[in-house]
Amino acid sequence: MPASPPASTTPPSSAEPNLMAPSLRRRMACWLYEGMLMFGVVFLAGYLFSTLTQTRHALDNRHAQQAFLFVVFGIYFAWFWAKGQTLAMKTWHIRVVDRHGRALTQARALLRYLLSWLWLLPPLAVSGLMGLPGGELAVLLCGWIVVWALLSRFHPQRQFLHDALAGTRLVHQAPPPTPPRAKR
């Protein structure tokens with residue numbers, strides 16, 4: 001009977017508990033929380049842009065400000081994803097890693113950021129082409145987000161499509177153990 005290979009040389013299974021995707025509900029809750037936290041980033045970046053460009057009206061330099069925010073968001077997400085987690089991800093005990101469970105490089109984090117725009121760009125492009133009013137855009141955007149999120153149910157590791165394309169994955173990050181309370 002041949003000897004089995006040592007455990008250290010066997011490739012990690014994609015079904016290992018530490019590399020399993022968190023539930024869709026938890027990932028979407030994290031996504032919503034991240035959106036709320038981004039209000040602060042938008043406020044600070046918008047204030048910085050307005051101050052540096054001496055913009056007095058919100059619609060002046062609108063496209064330049066949108067490009068500036070795109071870059072700021074890219075820096076924010078690439079920085080935190082290369083470290084493993086944003087604040088929202090820490091709160092929901094989610095970590096982003098590469099396919100093999102290793103930390104992301106800055107380049108892979110940036111690729112993930114660019115591909116994550118697939119959450120929003122298709123409905124925004126359709127709205128722009130068709131000249132949809134705000135209410136219809138909101139319905140289209142919400143419908144697309146639901147479809148995009150549900151597509152993760154068809155991925156073998158339950159990952160979102162942009163994660164599969166970027167070679168990344170969201171995994172459960174166990175919370176740190178709480179220290180025992182001292183008795184009084």
Side-chain angles (χ1 to χ4, degrees), residues 21-22 24 26-99 102-129 131-149 151-152 159-171 173:
L24 182 58
R26 222 168 89 216
R27 288 182 286 162
M28 293 310 292
C30 179
W31 187 80
L32 287 172
Y33 184 41
E34 193 76 67
M36 289 189 300
L37 294 177
M38 291 309 292
F39 277 111
V41 175
V42 169
F43 176 78
L44 291 174
Y47 179 74
L48 178 64
F49 179 85
S50 297
T51 301
L52 293 175
T53 61
Q54 296 297 305
T55 302
R56 301 279 184 238
H57 190 274
L59 295 179
D60 291 343
N61 298 326
R62 180 175 59 143
H63 297 299
Q65 186 172 24
Q66 289 171 342
F68 180 74
L69 288 173
F70 179 80
V71 170
V72 168
F73 288 174
I75 292 168
Y76 171 86
F77 284 115
W79 174 267
F80 282 107
W81 287 339
K83 297 197 176 302
Q85 296 173 298
T86 62
L87 179 60
M89 293 167 83
K90 284 182 183 181
T91 302
W92 286 95
H93 307 294
I94 296 173
R95 186 170 200 79
V96 62
V97 295
D98 71 5
R99 281 190 178 110
R102 297 182 300 247
L104 300 186
T105 63
Q106 287 285 332
R108 188 164 305 272
L110 184 59
L111 175 63
R112 184 178 193 263
Y113 168 70
L114 294 174
L115 290 171
S116 71
W117 278 94
L118 292 172
W119 281 91
L120 303 173
L121 285 183
L124 292 176
V126 168
S127 173
L129 291 172
L132 298 178
E136 291 177 15
L137 170 61
V139 170
L140 182 63
L141 195 58
C142 289
W144 176 257
I145 289 170
V146 168
V147 167
W148 187 261
L151 283 175
S152 70
Q159 297 298 322
F160 294 125
L161 182 58
H162 70 280
D163 280 313
L165 294 172
T168 60
R169 59 191 309 154
L170 295 175
V171 296
Q173 172 75 36

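Note: hydrogens, waters and symmetry copies are ignored here, and every other heavy atom, side chains too, is used. What you see is a predicted model; the values in this text were computed from it and never measured.
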For [X] and [Y], which heavy atoms make the closest approach, and how far apart are they?
{"X": "Ala103", "Y": "Ala82", "result": "CB-O, 4.4 Å"}
{"X": "Lys90", "Y": "Gln85", "result": "CG-OE1, 3.4 Å"}
{"X": "Lys83", "Y": "Arg95", "result": "O-NH2, 3.4 Å"}
{"X": "Ala78", "Y": "Ala109", "result": "O-CB, 3.6 Å"}
{"X": "Leu115", "Y": "His162", "result": "O-CB, 3.4 Å"}
{"X": "Gln159", "Y": "Arg169", "result": "OE1-CA, 3.2 Å"}

With sequence neighbours excluded, what pairs up with Phe80 under the side chain to side chain contact (heavy atoms under 4.5 Å, CB included) test?
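In terms of side chain to side chain contact (heavy atoms under 4.5 Å, CB included), with neighbours along the sequence ignored, Phe80 is linked to Tyr76, Thr86.
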Within a strict 4.5 Å, meaning less than it, do heavy atoms of the Trp31 and Ile145 side chains meet?
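Trp31 vs Ile145: side chains touch.
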Pairwise distance [atom1]([X]) to [atom2]([Y]) - rounded to 0.5 angstrom:
{"X": "Phe77", "Y": "Arg112", "atom1": "CZ", "atom2": "CZ", "result": "9.0 Å"}
{"X": "Thr53", "Y": "Phe68", "atom1": "OG1", "atom2": "CZ", "result": "9.0 Å"}
{"X": "Thr105", "Y": "Trp81", "atom1": "OG1", "atom2": "CH2", "result": "13.0 Å"}
{"X": "Arg27", "Y": "Ile94", "atom1": "CZ", "atom2": "CD1", "result": "7.5 Å"}
{"X": "Gln65", "Y": "Leu48", "atom1": "CD", "atom2": "CG", "result": "10.0 Å"}
{"X": "Asp163", "Y": "Arg99", "atom1": "CG", "atom2": "CZ", "result": "10.0 Å"}

Candidates Val72, Thr55, Leu44 - the one meeting side-chain contact (heavy atoms from CB on, under 4.5 Å) with Phe49
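It is Thr55, the one option of Val72, Thr55, Leu44 that forms the side-chain contact (heavy atoms from CB on, under 4.5 Å) with Phe49.
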Mind checking whether Phe160 and Trp119 have parallel, tilted or perpendicular rings, split at 30° and 60°?
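Rings of Phe160 and Trp119: perpendicular, over 60°.
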side-chain hydrogen bond (donor to acceptor under 3.5 Å, both in side chains) against Ser127, all qualifying residues, sequence neighbours excluded:
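Partners of Ser127 under the side-chain hydrogen bond (donor to acceptor under 3.5 Å, both in side chains) test: none.
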Leu124 vs Leu137, side chain to side chain contact (heavy atoms under 4.5 Å, CB included): CA-CA, chis, key distance, verdict
CA-CA 7 Å; Leu124 292 176; Leu137 170 61; 4.0 Å; yes
Main-chain N/O of Trp148 paired to Ser152 side chain as donor or acceptor, under 3.5 Å
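No, because the side chain of Ser152 does not come within donor-acceptor range (under 3.5 Å) of the backbone of Trp148.
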Backbone of Trp92 reached by a side-chain donor or acceptor of Arg26 within 3.5 Å:
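Between the backbone of Trp92 and the side chain of Arg26 there is a qualifying donor-acceptor contact (under 3.5 Å).
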Which residues pass the salt bridge (charged side-chain N to carboxylate O under 4.0 Å, His left out) test with Arg102, not counting sequence neighbours?
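Arg102 satisfies salt bridge (charged side-chain N to carboxylate O under 4.0 Å, His left out) with Asp98 only.
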